[in-house]
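Lettering follows sequence order; numbering is per chain, from 1.
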Amino acid sequence: MNPIQSLGAGAISQVASIGRAGVMLFGAIFAIPRLKNVPLTLQQMFVVGVQSLLIIVVSGLFIGMVMALQGYTILVDYGAEGSLGPMVALSLLRELGPVVTALLFAGRAGSALTAEIGLMKATEQLSSLEMMAVDPLRRVVAPRFWAGFISMPMLALIFSSVGILGGHLVGVDWLGVDAGSYWSLMQSSVEFGSDIGNGIIKSLVFALVVTWIAIFRGYDCTPTSEGISKATTQTVVYSSLAVLGLDFILTALMFGIE
Amino acid sequence: MDNIVDIDNMTFSRSGRVIYNDISLKVPKGKITAVMGPSGIGKTTLLRLIGGQLAPDAGDIRFAGESIVSMNRSTLYKTRRRMSMLFQSGALFTDMTVHQNVAFPLKEHTRLDSDIIDTIVALKLQAVGLRGAANLMPSELSGGMARRAALARAIALDPDLIMYDEPFAGQDPISMGVLVKLIRQLNDALGVTSIVVTHDVTEVLTIADYVYIMADKKIIGEGTAEQIRNSESPLVQQFLQGEADGPVPFHYPADKLENALFGEKT
């Protein structure tokens with residue numbers, strides 16, 4: 001195949017794969033919800049959400065602490081160390097909370113979702129569901145999708161909250177910034193709608209994209225060990241790139257031009 | 001209606017490669033029909049076509065007189081409740097115990113009380129000799145046990161048709177004997193129809209009522225076990241005797257060895 005042909009073939013296969021991903025998402029989320037699937041979704045929320053808590057809390061704590069340390073050394077030159085609170089809170093709520101959570105989620109839960117669904121495909125469990133007249137999109141894919149979509153924004157909020165506490169630990173308890181100014185300036189400069197709200201919107205978008213990529217890569221993988229390993233890698237790479245790219249677009253729309 | 005499955009002039013190809021070229025096949029009700037053939041000719045594909053997981057390029061596939069090909073999704077799902085398939089790997093759900101695996105189709109498709117479901121599951125497991133293994137996880141089962149557990153799950157909803165995909169592959173002689181006996185027993189006791197796809201000639205000829213042999217995208221021989229044994233077709237005989245070379249060549253098509261070793265490099 002000459003380079004132009006393979007470029008064309010690559011483009012066509014990408015477009016076809018986007019089409020399949022769309023059909024799968026449609027089948028999974030617009031299927032008539034069944035009461036039976038609620039416990040399944042809760043069980044998946046435990047797996048993708050609760051079990052990701054440790055990595056989210058630890059990362060949030062350290063990122064908050066590092067930001068306070070870095071911010072303090074810069075702000076103290078201008079005598080503005082009192083603004084440490086708003087700086088830590090705004091960076092976390094607007095940017096780092098949703099973005100870092102999405103990246104960690106893709107690595108921790110997204111890859112696991114891909115591998116799990118891919119292995120179910122390789123061991124014919126998805127086929128056997130179909131032959132038992134149970135739609136795997138409803139039984140396997142939909143609960144995992146909703147679990148990821150609901151869990152990630154909550155994780156992002158937990159990440160930001162723990163980060164703010166980490167910033168307090170370093171800024172106030174260690175470096176001696178006044179606790180009153182840390183909290184009160186934060187309270188006066190953080191807006192519920194434009195800061196917290198936009199952060200939540202961002203993490204909802206990231207949740208949709210990361211979970212979608214993860215379940216689709218698993219569902220569409222070549223059912224061999226090589227195929228599953230490739231799909232898992234793709235989940236992490238594509239999700240991370242999509243999150244960073246979308247973050248720029250969302251930030252430009254939310255905070256860019258006023 | 002004497003046949004539960006009718007395949008008429010069906011052609012199927014995948015990624016540009018023809019798998020079946022204009023084949024016709026009938027599965028009579030209440031009998032065991034065996035489909036044999038060398039590995040890699042798409043015997044499993046045939047079962048997926050009957051189950052409606054794949055669609056043929058041309059021709060028709062009917063289940064109990066109704067065309068699988070032209071069914072819409074919800075009718076297809078309703079029809080699938082009347083058939084079940086035993087996958088080569090067993091395809092048990094690895095996060096559930098044997099009991100939960102067998103109970104799964106019952107919980108999905110019936111509104112039975114959990115006590116009644118427990119009773120049905122115990123009976124189905126008793127039928128395959130695994131009642132004592134109800135609380136084991138699939139990872140704790142041997143290959144043969146996993147297949148029997150999957151068989152219990154396949155008969156949970158009392159289907160009209162059971163499709164066995166290579167049920168004997170990789171089994172030791174004892175599990176093989178157990179499976180052969182189970183297939184015959186279940187077929188007679190439950191009054192179901194069975195399709196057994198396999199390349200284990202000796203085992204399947206002892207239980208099959210009717211046999212199809214496939215090779216080269218076509219059906220190359222059919223008949224009762226006796227007729228197949230006495231077939232004069234060299235291809236059928238090669239398959240039955242397990243000869244390395246014959247109409248199905250030992251060598252994958254290639255350039256002449258002399259040319260490859262000593263000829264000019266192209």
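Contact tally against chain A (heavy-atom pairs below 4.5 Å) for B:R80, B:M83, B:R73: the top residue is B:R80. Ranked by non-hydrogen atom pairs under 4.5 Å with chain A, the options B:S89, B:S84, B:P105, B:G52 are led by B:S89. Across B:R81, B:K78, B:R48, the residue that shares the most heavy-atom pairs under 4.5 angstrom with chain A is B:R48.
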Which pairs of donor and acceptor atoms, one on a side chain in residues 145-161 of chain B, lie under 3.5 Å apart (sequence neighbours left out)?
{"from": "B:R147", "atom 1": "NE", "to": "B:Q88", "atom 2": "O", "distance (Å)": "3.2"}
{"from": "B:R147", "atom 1": "NH1", "to": "B:E166", "atom 2": "O", "distance (Å)": "3.3"}
{"from": "B:R147", "atom 1": "NH1", "to": "B:P167", "atom 2": "O", "distance (Å)": "2.8"}
{"from": "B:R147", "atom 1": "NH1", "to": "B:A169", "atom 2": "O", "distance (Å)": "3.0"}
{"from": "B:R147", "atom 1": "NH2", "to": "B:Q88", "atom 2": "O", "distance (Å)": "3.1"}
{"from": "B:R147", "atom 1": "NH2", "to": "B:A169", "atom 2": "O", "distance (Å)": "3.1"}
{"from": "B:R148", "atom 1": "NE", "to": "B:V128", "atom 2": "O", "distance (Å)": "3.0"}
{"from": "B:R148", "atom 1": "NH2", "to": "B:V128", "atom 2": "O", "distance (Å)": "3.2"}
{"from": "B:R153", "atom 1": "NH1", "to": "B:A91", "atom 2": "O", "distance (Å)": "3.3"}
{"from": "B:R153", "atom 1": "NH1", "to": "B:N101", "atom 2": "OD1", "distance (Å)": "3.1"}
{"from": "B:R153", "atom 1": "NH2", "to": "B:G90", "atom 2": "O", "distance (Å)": "3.4"}
{"from": "B:R153", "atom 1": "NH2", "to": "B:A91", "atom 2": "O", "distance (Å)": "2.8"}
{"from": "B:D158", "atom 1": "OD1", "to": "B:K124", "atom 2": "NZ", "distance (Å)": "2.7"}
{"from": "B:D160", "atom 1": "OD2", "to": "B:R82", "atom 2": "NE", "distance (Å)": "3.0"}
{"from": "B:D160", "atom 1": "OD2", "to": "B:R82", "atom 2": "NH2", "distance (Å)": "3.2"}

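No more than 12 heavy-atom neighbours from other residues, nucleotides or ligands sit within 6.0 angstrom of CD on B:E66. More than 12 heavy atoms of other residues, nucleotides or ligands lie within 6.0 Å of CD in A:Q5, so this atom counts as buried by the packing criterion.
With values rounded to the nearest 0.5 angstrom, A:T123 atom OG1 is found 9.5 Å from B:F93 atom CZ. Put simply, CE on A:M131 and CD1 on B:I50 are 9.0 Å apart, with the number rounded to the nearest 0.5 Å. Annotation: the span from B:L92 atom CG to A:E124 atom CD amounts to 11.0 Å, rounded to 0.5 Å. A distance of 4.5 Å separates CD in B:Q53 from OG in A:S127, rounded to the nearest 0.5 Å.
By the 4.5 Å heavy-atom criterion applied to side chains, A:R139 and B:F104 are counted as neighbours.
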List the steps and the verdict of side-chain contact (heavy atoms from CB on, under 4.5 Å) for A:V134 and B:H109. CA-CA 9 Å; A:V134 177; B:H109 292 310; 3.8 Å; yes

Apply side-chain contact (heavy atoms from CB on, under 4.5 Å) to A:Q125 and B:F87, showing your working. CA-CA 9 Å; A:Q125 293 181 45; B:F87 287 84; over 6 Å; no

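Contact of B:T79 with chain A is not made at all, since no heavy-atom distance falls under 4.5 Å.
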